[in-house]
Every structure is written in structure tokens, then in C-alpha cells.
S.K.: 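Below you will find the structure I want to go over with you.
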Amino acid sequence: MSTIATADTGHHDATKEHGHGEHHHPELGFLQRWVFSTDHKVIGLQYAVTGLSFLFFGFLLMLVMRWQLASPGQPVPMVGAFLRSVFGQTVMTDAGALTAAGYNVFGAMHGTIMVFFGIVPVAVAGFGNFVVPLQIGAPDMAFPKLNMASFWCFFTSCVIMTGSFFVPGSAAKSGWTAYPPLAGIADLEGGNIWLNGQTIWLIAMVFNITGSLLGSINFITTIIQLRAPGLTWMRLPFFVWAQFVTAFLLVLAFPPLEAAGFMQLTDRVLGTSFFMPTGLMIGQSVAQTWSGGGSPILWQHLFWFLAHPEVYVLILPAIGIVSEVVANNTRKPLHGYKAMVYSVFVLGFLSFIVWAHHMYMTGMGAKVAAFFQVTTIMISVPSVILLTSLLMSLWGGSIRFNTPMLFATAFLPMFGLGGLTGIPLAFNAVDLFLHDTYYVIGHFHYVVAPGTIFGLFAGVYFWYPKVTGRKMSEFLGHVHFWGSLITINGIFFPMFLQGMAGVHRRWYDGGVTYEQLAGPVLHWNMVMTVSAGLLALFQLVFIWNFFTSWKLGQKVGRNPWDATTLDWDTPTPPPHGNFDKPLMVYRGPYEYSVPGHPTDFIPQTEKV
């Protein structure tokens, strides 16, 4: 297998060799097959299940925070005592209420877990590992052992980050952005310089980033080298294009953050001063721990140079998934396929020259601010092209509103609302007022919650039959969709109203202390909290559907959606090596409703 996957002699030989050797693969034991597997499909499932678990964990942290915001200082109902026993006195009071430090812990870890340990592993590594080799006709990823190493780097980071909740002082408290000098001094006074939340956060992030880099190199090599015969660049499914650009974003943007993580780590444990300034006051005295002369703003530059491309790392795989679902369920080709491909490259390039719009509060000059305002508005153009192409793809289609299509179509206006509300933040005059308010939280979450996560749900329902050989329940899928759509808007839309009234994201009492300023909009806290609780209930419907359908769902064949791409031209579930016949691609990925053809779809491998 390794001779096939790592050969760089071209994708034609890999496919031919596989076609005659698949049945001779020896039977693997449980550990080699499911734990230390080099099979891209198993690794994709490992990433997906781990990422979905962390998404749920991060969501539970948010529920506790939302309770605190709606009922400041009140014990968390039913589970307050349990949370106190798990997280300790730093996070929870004896009565089971969230403390101020606990709010900072849950806020920092919610953001970190949802982005780096939830959405990215599911969207990029989970769907990417399972689907991309199938869609390009490859027997596996180019470097299977490197693929396994990338997952175990990620899983190690998960264990380390989870363990940080149980060290003295609990987990990191300096926000998911870890801004110094706060992050430089957090939990150091009187404690162990290694065994504390912020230091462990940095170590976990280094492992996490390393895993992402290994996986990204693998994706780029696989897509370039292991495409099936006839699968030219403009015959690639759009999902593959999205993953290809995403891999480049990770390769180029993550190293600066990994370097910054090492530098902040040495600031904390070795006394260096990359980010720690001279004359820093802690309490009533000047800090003597660091030599001084560092720049806290340098960390912001390095962090946001990654974190803004990271937004597109989150959204591009979701757009790719939605494109596959929309084309399949409208029974027509994507509108403007080539324009979408070019747009995704422009989007990737521009994402590297907009980062400082997160830093208007640092006092940058008018000329620098003007540059980033212009580039931020420019990046909306390819985003609008992608969104418009998907909307135009619906026009005139014979639409099947199954569960994947419901999530895909809901993605479009939700992502559009997230993007539209970001336009005012591009301008520094507006951002100075809205910065760090709930308006920013609402904007970002519309992009990644009803945006990206709805795209991921569409992908789960769409490819679940290929993974398991069974469909998930359509009835439960509809209940999950409609409940999630209504309640998720109940959480995030009121944030715009609170943000424009000046409610700050870091007020752990929900704004009660500043009631004279924010009083007229504080009642929305209860609306958002109730909506969050109901959203959790509808996710239980999804979890039940996900696990019970594995054994009880409707059995399907190799192409239950009547799709055209190569991933539906394999046995279900795909065997080791994926394909049971030699492949030759004759056409593009979305040949639906071709006049004169006896069916309304023509697979890429069908010779007409």
C-alpha cells in the first residue's frame, strides 16, 4: 500500500496498480485497523468523531456561560454541584454558580475548542480525509503514515488541552486570542511555571498546529499527484478545490502562530521578552520577571496573520460541501463553476492582507488603516461571487428538499448575514465603537455557527450513507434542522441589538453592573439563554439519529443520491484501496439533466 500511496511517478500508475492489488491486502488487527490506522477513511472518521465531540463540549461551556449572563450569580440548575466537583473552586462557587475567573476560563476555552479542536478537525481533516481521495480517484492519501501522525499530534493536543482544566488555577483565562501581557503573566504568581492553564494552552496549540501542518502538506501532494486518469484540474469537484486552497492557507498561515506560541512559551518559562514590555505594572509594583523591551502588539500581528485566514479555513470546506449538496439536489450543474474556482483563489490570497482590521484599537496610523479597510472590502467581492453562484444554481432546478439540502440552503442566507454584518466592521470609525461588543460576536458566529456548522451538518447527512451504508432518518433530520434554524437565530441575532447598545463581550454578569448604559437590551440575555438550551435539545436529536442510524438506518447502495462524482462510484462503504475497478474520467463533476440522456445524471466515469 505504501508503495502506491507515496509514489510520486504520477496519478495514472497509482490507480492502475491499485486496480489489480486491492484483494491481496492482509487482514488487520483491531489496533492497526481502527486506532493506529493509515487508511484515510478511518483517519477521517477519527478526526470527525473527535472534532464533533469537542464541538459538543465547547457548546456545553457556552451553555454555562449563557446561564451566568441571564442569571448572574445564580447556581447552574441541576448540574451546578457536579460542575463544582469537576472544575473546582476557581471556576465554580460552592453553591454551583460560575465565578468571574470561571467565566474567563470558559470563554477562552469555548473559543479555542470550537475553532481549533472542533470545526477545523471536522471540516478540513474529517471531511477532507474521507472525501478528497474518493473524489479524485486515489487509493489513499499520498503519505499515509504522515496522515496517521497528523491525527495523533491533534489527539495529543486534545488530551493536553482537556487536562488543563484540572491543574491548579484551572485552564487558560486570557481569551482564545491569548493577548499579552495578560497571557504572559496569567497564573504565574506563586505557581508552577509549567503546570498552569496558559502554559499548557500554548503547548497544546503547538501540537495542534503541527498536526494541521502535516495534514495540509498531505492534502496538497495528494490532490496534485494522485488524481485519476482524465481528471484534469477543471474536472475537479468544487469541494476538492475548496480543500486545496484551505490546505495552502494552513501551510502559509499556521507557522507564524506556531512560532509566536513558542515565543510566548519562552516568555512565560524562560523569562524572555518577545511580547512583554518594559515597565509592566502588576498590582502596585513593577514586574521584574522579564528583561522587558518586548511588544504585545507583535503577538497581535502574528496571531491575526493566522486567525483571519483561519476564518476562511473554517468557511471554505463548508462552501465546498454546500456546493456538492446543491448541485446534487437541484439536478443541474453549478452556476459559474469556473468563476467559483477563480474566486476561491482570490479569496485565499486576499485573506493574507486583511489581518490588521482586527487591530484598529492599537492606534495604527490613518494610511495603514486605510489600506486594511480597502482590502477588507475587496475580500467581500469573491465571497459575493461564491454566494451568488450558489443562489443562481437554485434557479430553475428540480430541487429535492432532503435533510442535506435543507442545511445547505439555510447556509446561504445565514452566511450572507454573517458577511453583510462584517462590512461595517471593515471601517475603523465604526469598529472603534463596536470593537469587543456583542455585535462582533454576532457577526462572527453567523459566519461559523449557522454558516459553517450548518454546512458541516449538510455534509454529515450527505456522506453518512457512503460511510455506513445506511441513511440517517429524514424525519429526525427535519426536526433537527428546523429546531436548530429557529433557535440558533434566537441566540445570535439579539447580539447585534446588544452590541449596538454597547454591551461588552467580557461583562461576566451580563451587563448588570452597567445597567444605566445597557439596561434597555439586557432582557435579550434570557432570550438567548433559553434559545441556547433549546438548541442543545435539538442536538440531542442529531446525536440519537447519528448513532441509531448506524445499525437501524435504511440500507443503500453505492449511489443513493444519484450523484456524478467519483466518491459515489465506489462500493458502500468503500473497501481498503477504495475502488473495485480501473478509473477513467470523461467529463466534469456536475453533469446533471443532460438533454437526451436516459437518466438525469451522468457519472464522471461513464463513457457516452
Side-chain angles (χ1 to χ4, degrees), residues 101 104-105 107-108 111-112 116 160 164 167-169 171-210 213 252-310 352-372 428 431-432 435-436 506:
N104 286 337
V105 168
T112 301
F116 297 107
I160 295 171
S164 70
V167 300
K173 306 174 184 63
S174 304
W176 77 283
T177 55
Y179 278 3
L182 178 62
I185 65 174
D187 296 324
L188 286 182
E189 190 172 351
N192 188 302
I193 61 173
W194 289 98
L195 201 62
N196 61 76
Q198 186 62 33
T199 300
I200 294 175
W201 186 93
L202 292 165
I203 295 170
M205 286 301 298
V206 167
F207 277 97
N208 185 286
I209 293 169
T210 301
L213 291 174
L252 295 172
F254 255 144
L257 182 60
E258 185 159 25
F262 272 114
M263 288 191 284
Q264 188 177 121
L265 186 62
T266 61
D267 278 4
R268 290 181 59 82
V269 302
L270 299 179
T272 59
S273 295
F274 291 107
F275 307 119
M276 303 305 290
T278 302
L280 179 67
M281 301 290 293
I282 301 178
Q284 301 298 317
S285 58
V286 178
Q288 302 295 328
T289 308
W290 302 274
S291 57
S295 170
I297 293 178
L298 173 61
W299 168 271
Q300 293 193 33
H301 280 293
L302 294 172
F303 181 88
W304 288 114
F305 187 79
L306 163 276
H308 201 86
E310 179 79 0
F352 284 101
I353 54 173
V354 298
W355 80 90
H357 67 216
H358 296 274
M359 299 172 56
Y360 290 139
M361 294 289 283
T362 60
M364 66 177 65
K367 291 181 179 179
V368 176
F371 171 81
F372 286 104
N428 61 349
D431 184 73
L432 291 174
H435 190 83
D436 262 352
R506 305 198 191 281

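Start at 1 with the first residue, then count along the sequence. Because the structure is predicted, anything quoted here is derived from the model rather than measured.
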S.K.: Any chance you could measure M205, atom CE, to T210, atom OG1, to the nearest 0.5 Å?
M.R.: 10.0 Å
S.K.: Apply side chain to side chain contact (heavy atoms under 4.5 Å, CB included) to the pair M263 and L302, showing each step before the final yes or no.
M.R.: CA-CA 11 Å; M263 288 191 284; L302 294 172; 3.5 Å; yes
S.K.: Which atom names give the shortest non-hydrogen contact between N104 and K173, and what distance separates them?
M.R.: CB-O, 3.6 Å
S.K.: Using side chain to side chain donor-acceptor pair (under 3.5 Å) as the criterion, list what pairs up with N196, not counting sequence neighbours.
M.R.: T199, R268
S.K.: So, using side chain to side chain donor-acceptor pair (under 3.5 Å) as the criterion, who are the partners of Q300 when residues are at least two apart?
M.R.: none
S.K.: Passes side chain to side chain contact (heavy atoms under 4.5 Å, CB included), Q264 versus F274? Steps please.
M.R.: CA-CA 7 Å; Q264 188 177 121; F274 291 107; over 6 Å; no
S.K.: Check the pair W194, I203 against side chain to side chain contact (heavy atoms under 4.5 Å, CB included), reporting the backbone distance first and the verdict last.
M.R.: CA-CA 10 Å; W194 289 98; I203 295 170; 4.2 Å; yes
S.K.: For P255, which residues count as a side-chain contact (heavy atoms from CB on, under 4.5 Å) partner, sequence neighbours excluded?
M.R.: L213
S.K.: Just verifying a value: how many Å separate E258 CD and I209 CD1, rounded to the nearest 0.5 Å?
M.R.: 5.0 Å
S.K.: Would you please name every residue forming a ring-ring contact (aromatic ring centres under 6.0 Å, His included) with F372, sequence neighbours left out?
M.R.: W355
S.K.: Can you tell me how far the CD atom of Q198 sits from the OG atom of S164, to the nearest 0.5 Å?
M.R.: 9.5 Å
S.K.: List in chain and number order the residues that pass ring-ring contact (aromatic ring centres under 6.0 Å, His included) with F352, two or more places apart in sequence or in another chain; answer none if no residue qualifies.
M.R.: F305
S.K.: Sequence neighbours excluded, which residues qualify as side-chain contact (heavy atoms from CB on, under 4.5 Å) partners of A108?
M.R.: none
S.K.: Quick one: CD1 on I193 to CG on L265, what's the gap to the nearest 0.5 Å?
M.R.: 9.5 Å
S.K.: Is a donor on one side and an acceptor on the other found under 3.5 Å between the side chain of T272 and the backbone of D267?
M.R.: yes
S.K.: Can you give me every donor-acceptor pair (side chain of residues 174-185, partner residue at least two apart or in another chain, under 3.5 Å) with its distance?
M.R.:
residue : atom : partner : partner atom : Å
Y179    : OH   : W304    : NE1          : 2.6

S.K.: For M364, check side-chain contact (heavy atoms from CB on, under 4.5 Å) against everything at least two apart and list the hits.
M.R.: A356, M359, Y360, T362, V368, A369
S.K.: Output side-chain donor-acceptor pairs under 3.5 Å for residues 276-283, partner residues at least two apart or in another chain, one line each.
M.R.:
residue : atom : partner : partner atom : Å
T278    : OG1  : G293    : N            : 2.8

S.K.: Search all heavy atoms of I160 against all heavy atoms of A204 and return the closest pair with its distance.
M.R.: CG2-CB, 3.7 Å
S.K.: What distance do N192 atom CG and L188 atom CG have between them, rounded to the nearest 0.5 Å?
M.R.: 9.5 Å
S.K.: Does H357 have any side chain to side chain donor-acceptor pair (under 3.5 Å) partners at least two apart in sequence or in another chain, and if so, which?
M.R.: H308, T376
S.K.: Nearest 0.5 angstrom please: E310 CD to L257 CG, how far?
M.R.: 8.5 Å
S.K.: Among residues at least two apart in sequence or on other chains, which ones pass side chain to side chain donor-acceptor pair (under 3.5 Å) with W201?
M.R.: T112
